[in-house]
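Here is the structure we will look at.
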Amino acid sequence: MSQFFAKFQYAGNIPWEVEVLFASTARHEARSEGITQTKELVPMRYQVAYYFMITDPVKFINSVQFSGFKYTVEDFKNYVSPIVDQSVSQVLNLVSLNEVYANLHKVTDAVTASLRTFLDEVGVHLITCRIVRLEPEDETMRRVVQFMALGLDVNTAIRARLSEIMAQRSDPAATNMMLGVPYYPIYILPTAGMPTNLQQLMVPPTQTQQQPKGQSQQGGSEQSSGFEISGG
């Protein structure tokens with residue numbers, strides 16, 4: 001462009017106002033993430049990766065305008081994120097938690113269709129789109145889903161998660177929680193209605209049974225009574 005204007009003789013001053021715009025037509029990658037919810041109102045965190053390239057720079061510059069003279073792929077990602085969130089939510093809001101991963105292809109198809117339609121209007125070609133991450137936002141819920149994926153039922157998966165939390169706190173009842181067996185510390189076991197011999201076994205070893213004072217005194221009197229005092 002500079003060589004073109006150099007052919008004219010204007011004493012170094014170009015009589016027109018020139019604005020040079022540059023748009024990269026290379027292949028770009030962007031990732032949009034957010035939080036949606038399932039049919040049971042369980043918060044789900046998602047991340048969508050999509051690859052695109054600008055095919056019509058003029059349409060793109062006229063359609064997508066941000067503040068400032070320069071914007072990057074990160075700015076364009078923020079511009080497209082509401083479209084991605086709407087596409088993900090319109091599928092997951094109607095799906096139960098136990099059916100989310102079985103309908104993952106529906107989420108991908110919905111996001112791809114919405115993005116392709118929107119990007120074509122601004123001169124951008126969508127190459128491909130995929131769901132990178134889709135999992136419950138709550139860590140406990142996420143671990144329960146992972147345990148269920150290993151073949152555990154719901155109750156066992158919940159106990160496994162609670163046992164994991166208790167083990168992290170050095171709680172001695174963690175193993176009992178995993179096995180589903182009640183845990184009673186030996187020093188606080190209820191003794192009402194239990195046999196006498198079993199109650200004696202439950203006495204802490206640090207506690208020794210003391211004989212009644214009456215017995216010791218009685219034994220002493222009997223022993224002393226065995227002696228006779230005779231006068232000289």
Side-chain angles (χ1 to χ4, degrees), residues 29-50 77-78 80-115 128-207:
E29 176 188 359
R31 297 196 177 194
S32 298
E33 58 184 10
I35 299 176
T36 183
Q37 59 188 16
T38 62
K39 186 178 181 180
E40 301 88 356
L41 304 181
V42 177
M44 299 288 292
R45 183 178 297 276
Y46 68 86
Q47 186 181 73
V48 179
Y50 45 93
K77 180 208 72 174
N78 297 332
V80 178
S81 290
I83 305 300
V84 177
D85 183 78
Q86 180 181 0
S87 303
V88 174
S89 298
Q90 70 181 5
V91 177
L92 290 185
N93 292 162
L94 303 177
V95 177
S96 301
L97 179 61
N98 57 351
E99 300 176 353
V100 166
Y101 298 102
N103 294 272
L104 192 60
H105 63 285
K106 295 183 179 180
V107 180
T108 304
D109 294 342
V111 174
T112 302
S114 299
L115 272 180
T128 185
C129 175
R130 62 189 181 92
I131 306 297
V132 178
R133 187 175 70 175
L134 182 61
E135 59 187 10
E137 183 184 17
D138 182 69
E139 183 179 0
T140 297
M141 183 68 70
R142 183 165 59 249
R143 292 293 291 165
V144 169
V145 172
Q146 292 173 352
F147 286 133
M148 292 176 60
L150 297 177
L152 302 180
D153 58 275
V154 178
N155 294 331
T156 307
I158 294 175
R159 289 203 313 269
R161 173 55 183 168
L162 294 177
S163 175
E164 184 179 22
I165 296 175
M166 296 169 66
Q168 294 173 355
R169 300 176 179 177
S170 300
D171 193 325
T175 304
N176 295 71
M177 174 59 70
M178 180 62 194
L179 299 177
V181 179
Y183 173 77
Y184 297 107
I186 189 171
Y187 298 146
I188 62 173
L189 279 172
T191 58
M194 299 179 62
T196 306
N197 56 351
L198 184 59
Q199 294 181 14
Q200 294 176 355
L201 292 176
M202 294 170 54
V203 175
T206 57
Q207 298 181 2

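One-based numbering along the sequence shown.
Within a 6.0 Å sphere centred on CD of Glu29, other residues, nucleotides and ligands contribute more than 12 heavy atoms. Within 6.0 Å of CE in Met141 there are 12 or fewer heavy atoms belonging to other residues, nucleotides or ligands.
Checking side-chain atoms of Arg142 against main-chain N and O of Pro136 turns up a donor-acceptor pair under 3.5 Å. Between the side chain of Asp85 and the backbone N or O of Ser81, no donor-acceptor pair lies under 3.5 Å. A donor-acceptor pair is defined here as one N or O able to donate and one able to accept, closer than 3.5 Å; no such pair exists between the side chain of Asp171 and the backbone of Ala174.
Between Ser96 and Glu40, the closest heavy-atom pair is CB-OE2, 3.0 Å. Closest approach of Met177 and Arg159 over heavy atoms only: O-CD, 3.2 Å. In this structure, Gln90 and Ala110 approach most closely via the heavy-atom pair NE2-CB, 4.1 Å. Between Val144 and Ala157, the closest heavy-atom pair is O-CB, 3.9 Å. Closest approach of Val100 and Met44 over heavy atoms only: CG1-CE, 4.0 Å. Between Phe147 and Arg161, the shortest heavy-atom contact is CE1-N, 3.9 Å.
Atom CD1 of Ile35 sits about 3.5 Å away from atom CD of Glu137, to the nearest 0.5 Å. Annotation: the span from Met166 atom CE to Arg169 atom CZ amounts to 9.0 Å, rounded to 0.5 Å. Between the CD1 atom of Ile158 and the OG atom of Ser163 there is a distance of 13.5 Å, given to the nearest 0.5 Å. A distance of 9.0 Å separates CG in Leu134 from OG1 in Thr108, rounded to the nearest 0.5 Å. If you take CG on Asn93 and OG1 on Thr36, they are separated by 4.5 Å, rounding to the nearest 0.5 Å. The NZ atom of Lys106 sits 10.0 Å away from the CG atom of Leu94 when rounded to the nearest 0.5 Å.
A heavy-atom distance below 4.5 Å is found between the side chains of Val48 and Cys129. Two residues are said to be in side-chain contact when any heavy atoms from C-beta on lie closer than 4.5 Å; Val145 and Tyr101 meet this criterion. No side-chain heavy atom of Gln37 sits less than 4.5 Å from a side-chain heavy atom of Leu92. Counting heavy atoms from C-beta on, the side chains of Ile131 and Tyr46 never come closer than 4.5 Å.
In summary, Glu33 and Arg31 do not engage in a salt bridge, as defined by a charged side-chain N under 4.0 Å from a carboxylate O.
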